[in-house]
Amino acid sequence: MFTQTDLYELFRRHLQLCAVHEGERVVVLSQGAERADYADAYLAAARSLGAKTFHMRLPRPLPSSGNWSVGASELAANPAAVEALKNADLLIDCVFLLFSPEQFAIQDSGTRVLTVVEPVELLARQFPTTEHRERVEISAEILAKASVMRITNPHGTDVSYQLGRYPTVTEYGYTDEPGRWDHWPAAFVFTGAADDGVDGRIVLGPGDVLLPQNCYITSPVEYTIEKGFITDIRGGMDADLIRSYMASFDDPRGFGMSHVGWGLDERAHWHGLQQPSFPGGMGMELRSILGNVMFSTGPNNELGGPNDTACHLDIPMRGCSLFLDDEPIVVDGAVVVEDMLPARSRR
Ligand code: FE2
């Protein structure tokens, strides 16, 4: 059980990692009654570090389809609020603005943006470290130089991503650089292929994870991908559920291929979606597992691409091999590049 004092201390350490200092402007954004305790703790923590701070609270969301629709934000109808947020040095986003044009505009103004929406148990368990940042940044350097990513697994996956069109993005759970976004907790790296640059087959096996469904696949699901779009999804009930979910958006762009990369946090576990480990939330632990390979479907506007569909799935997979220009990075679910491994387990 975390008290308000625990939250304050956790968030104060976190703001220090984000290099918050005397005179900075730190704004906390929340919506409705959600995460008011986070907002209070961040305000107190920011003030204790000498920052100027305030809390912007948006009205609670209107009823929706119940789907996880990324990119739609209450800020869209509030240009004055967006202008106020652009004046911040650091925006603590307790709403989840990711994929919204408003977040991109705020970042473009030089404001660093940090998403904090996960349960506090997870924030504490995967508290960011400079070592994880270093490993994520080393991975990003290697990924940014690659032209082709190929992924295979024992279930029959063999898919290629043509890289180089879009930037490489790091997530290590904090941000101290102007205009940079991050999400706490996280430790992974990703990029996206050219819009028509994914071809092949991805076959999910039991234990692979569907997010935002927050569930494990129990039977094989086979995706056929041609020129960057999914043309077929086959399998049993899991495939039916995925197809049904995607169809509910009534948007063919939901079948586009989104970001792809691998996880780098040895503290994150595959059983993290099960009780008693799972504290709720959106599954950031599963995205971060060391040696997972995560592909995603739907939008690529986060990378600067044209696809801004609201239909987005993240799918961390076990036991994959991932090659960059034929060089192995992950083999059978294990990262094989020494510099990407925890210092204590390097040979
Ligand atoms: Fe995603």
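Worth saying up front: this structure is predicted, and the values here are computed from it rather than measured. Whatever order the structure lists ligands and atoms in, that order sets their numbers, starting from 1.
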Nearest 0.5 Å, what's the CZ-CZ distance between Phe255 and Arg243? 9.0 Å
Let me confirm one number: the CG-NE2 distance from Asp314 to His259, rounded to the nearest 0.5 Å. 4.0 Å
Which donor-acceptor pairs under 3.5 Å do side chains of residues 164-171 form with protein atoms, sequence neighbours excluded?
residue : atom : partner : partner atom : Å
Tyr166  : OH   : Asp195  : OD1          : 2.6
Tyr166  : OH   : Asp195  : OD2          : 3.3
Thr170  : OG1  : Arg180  : NH2          : 2.9

Any luck finding a side-chain donor-acceptor pair between Trp181 and Thr115 under 3.5 Å? yes
Closer than 2.8 Å to the Fe ion (ligand 1), how many protein N/O/S atoms do you count? 4
Are Phe11 and Ile92 close enough that some pair of their side-chain heavy atoms sits under 4.5 Å apart? no
Pair Phe295 + Tyr161: ring centers closer than 6.0 Å: no
